Amino acid sequence: MAEDPIAHNELDALTRRVVAVDDRVEALQVQAGGNFAAVIEGQAALRREVRDGFTSVNARFDALEAKMDRNQAQIVELLTALVGKNPNES
């Protein structure tokens, strides 16, 4: 049985197309993988920045709260001195 040259050419063309598609898929996977990694790293960096920002804000609130507590204690002491009574005594 002789080979059919048309069928052989079509088979070669299909094989080249499959290889080209495989190459394109591999290139897209590499490209997407790189972009995906960049997106993930960007998200991680953003999360770290937000977390550090919240940590900084929380520290400032803690310091402000401590300062307010000290100021309130001072105010109570001054008012007690003015009135002449100890606020802890009934």
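A quick note: this is a predicted structure, and the numbers were derived from the prediction, not measured. Only this structure's heavy atoms are used, side chains among them; waters, hydrogens and symmetry mates stay out.
In this structure, the side chain to side chain contact (heavy atoms under 4.5 Å, CB included) partners of Arg47, at least two apart in sequence or on a different chain, are Gln43. For Arg48, the side chain to side chain donor-acceptor pair (under 3.5 Å) criterion is met by Glu41, not counting sequence neighbours.
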Cut-off 3.5 Å, no hydrogens considered: what does the side-chain donor-acceptor table look like for residues 49-59, sequence neighbours left out?
| residue | atom | partner | partner atom | Å |
| --- | --- | --- | --- | --- |
| Thr55 | OG1 | Arg51 | O | 2.9 |
| Asn58 | ND2 | Phe54 | O | 3.3 |

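To the nearest 0.5 Å, atom CE of residue Met68 and atom CG of residue Asn71 are 8.5 Å apart.
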### Message
Under the criterion side chain to side chain contact (heavy atoms under 4.5 Å, CB included), I'd like the reasoning laid out for Val76 against Gln72: C-alpha separation, chi angles, the key distance, then a yes or no.
### Response
CA-CA 6 Å; Val76 168; Gln72 286 176 350; 5.5 Å; no
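Screening residues 56-72 for salt bridge (charged side-chain N to carboxylate O under 4.0 Å, His left out), with sequence neighbours left out, gives no hits.
Chaining together hydrophobic side chains whose heavy atoms lie under 4.5 Å apart leaves Leu11 on its own. When hydrophobic side chains of Ile, Leu, Val, Met, Phe, Trp and Tyr are connected at separations under 4.5 Å, Val18 ends up as a singleton with no cluster partners.
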